[in-house]
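Contents: one structure, followed by commentary.
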Amino acid sequence: MPDLLYAANWKMNLGPAETRAYAKEFLAAVPVVKGRSIWFFPPAVSLAAAADTFRGRPDIRVGAQDIHWEPSGAYTGATSIPLAVAAGATATLVGHSERRHVFGETDQETGRKVRASIAGGLIPVLCVGERLDEREAGQTKAVVQRQLQAGLADVGPKELGRVVIAYEPVWAIGTGKNATPADAALVHHHIRQQLEQRGARERIRVLYGGSVKTKNVQALLAEPELDGVLVGGASLEPAEWAKLVALVTDGA
Ligand code: PGA
């Protein structure tokens with residue numbers, strides 16, 4: 001069984017008290033399994049509660065959903081990397097499609113965030129993916145390539161090993177539609193080629209996201225191109241998420 005990463009993006013759900021209750025239930029249900037990592041991205045207000053309750057589990061990491069590239073200053077509403085680190089974060093999502101398409105985050109901003117995350121000691125999970133109109137126009141590879149180029153603009157070959165990529169086709173997020181395993185694998189392969197061209201010296205983890213559920217995770221992870229999954233809706237209930245992470249990796 002290859003190493004697999006399961007990342008839970010809670011989006012704007014689960015406050016501190018709910019986070020603690022969730023974590024306790026999850027920890028009781030899910031043992032450490034060699035080669036399996038589980039990362040949680042709670043909302044900023046619940047970072048400390050998550051980091052606290054999951055502390056001591058070597059397989060679990062807690063991360064921010066978004067960060068600002070400046071270490072401090074007049075940026076109302078934003079979370080800096082030092083603040084996220086102080087709350088217990090060791091990773092962060094960057095360029096999630098909702099940041100790009102709901103909040104208008106630009107490719108250039110994702111590049112600044114990735115750069116600052118590496119400098120500040122957070123593992124960036126750079127999210128890329130095409131919209132439906134782009135897919136229908138045959139632009140999937142070009143879009144992903146542009147987003148990678150901008151997101152990794154200031155990341156040297158040596159540092160690439162610190163980055164995780166998540167391929168999330170926008171049309172598949174929260175819609176119940178998902179790319180077929182073969183479709184996802186094609187894009188993952190393209191991403192991997194881009195990373196190699198940028199001088200990656202090791203295998204960079206490339207996750208798939210977009211309506212991943214207990215009913216499709218096995219078929220998706222049967223594709224060797226996928227190193228794990230980034231999951232929104234199906235990670236919000238501890239019992240469902242515990243089941244999802246166990247389907248492929250239990251007894252591994
Ligand atoms: P979903 O979200 O699993 O609810 O489609 C995935 C994501 O936005 O990361």
Side-chain angles (χ1 to χ4, degrees), residues 4-14 18-19 22 26 37-44 46-47 50 60-67 79 84 89 91-105 110 113-114 117 122-132 134-135 140 143-144 147-148 151 163-181 183-184 187-188 191 205-221 223 226-248:
L4 288 172
L5 170 52
Y6 293 82
N9 174 13
W10 289 352
K11 309 193 180 186
M12 206 162 67
N13 299 286
L14 300 174
E18 291 163 316
T19 294
Y22 178 119
F26 186 80
S37 306
I38 305 168
W39 296 7
F40 288 93
F41 294 90
S46 299
L47 271 174
I60 295 183
R61 200 180 269 281
V62 169
Q65 293 176 8
D66 182 40
I67 45 81
T79 305
T92 183
L93 301 179
V94 175
H96 185 276
S97 77
E98 286 144 25
R99 298 303 318 169
R100 293 178 190 266
H101 302 301
V102 181
F103 296 97
E105 184 166 314
T110 65
K113 290 181 178 187
V114 168
S117 299
L122 293 181
I123 299 174
V125 179
L126 174 64
C127 305
V128 298
E130 81 287 2
R131 298 189 314 255
L132 184 59
E134 293 167 329
R135 184 175 194 87
T140 298
V143 167
V144 164
Q147 291 173 337
L148 284 175
V163 176
V164 175
I165 307 294
Y167 169 56
E168 298 201 303
V170 179
W171 49 271
I173 296 177
T175 57
K177 295 181 193 153
N178 65 303
T180 64
D183 275 349
V187 182
H188 279 232
I191 291 173
R205 282 176 291 191
V206 184
L207 314 180
Y208 172 79
S211 296
V212 176
K213 310 280 177 207
T214 48
K215 65 175 190 315
N216 58 23
V217 68
Q218 285 161 299
L220 284 162
L221 289 178
E223 278 292 343
L226 275 62
D227 299 308
V229 285
L230 175 56
V231 181
S235 72
L236 291 177
E237 291 288 337
E240 188 182 1
W241 182 232
K243 187 174 165 202
L244 194 154
V245 305
L247 276 170
V248 176

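Numbering of ligands and ligand atoms starts at 1, following listing order.
Looking only at distances, a side-chain donor or acceptor of Thr175 sits under 3.5 Å from a matching main-chain atom of Trp171. Looking at Asn9, its side chain never comes within 3.5 Å of a backbone N or O of Leu93 through a donor-acceptor pair. A donor-acceptor pair under 3.5 Å is formed between the side chain of Tyr208 and the backbone N or O of Ala179.
Here the two rings, on Trp10 and Tyr22, have centers that are under 6.0 Å apart.
By the ring-ring contact (aromatic ring centres under 6.0 Å, His included) test, Tyr6 is found to be paired with no residue, residues two or more places apart in sequence or in another chain being considered.
Between Arg100 and Glu105 no salt bridge is recorded (no basic side-chain N to carboxylate O distance below 4.0 Å).
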Please tabulate, line by line, the atom pairs linking an N/O of ligand 1 to a protein N/O at a distance below 3.5 Å, with the distance in Å to 0.1, or answer 'none'.
| residue | atom | partner | partner atom | Å |
| --- | --- | --- | --- | --- |
| ligand 1 | 2 (O) | Lys11 | NZ | 3.3 |
| ligand 1 | 2 (O) | Gly232 | N | 3.4 |
| ligand 1 | 3 (O) | Gly232 | N | 2.8 |
| ligand 1 | 4 (O) | Gly233 | N | 2.9 |
| ligand 1 | 5 (O) | Gly174 | N | 2.7 |
| ligand 1 | 5 (O) | Ser211 | N | 2.8 |
| ligand 1 | 8 (O) | Lys11 | NZ | 2.7 |
| ligand 1 | 8 (O) | His96 | NE2 | 2.7 |
| ligand 1 | 9 (O) | His96 | NE2 | 3.2 |
| ligand 1 | 9 (O) | Glu168 | OE1 | 3.2 |
| ligand 1 | 9 (O) | Glu168 | OE2 | 2.7 |

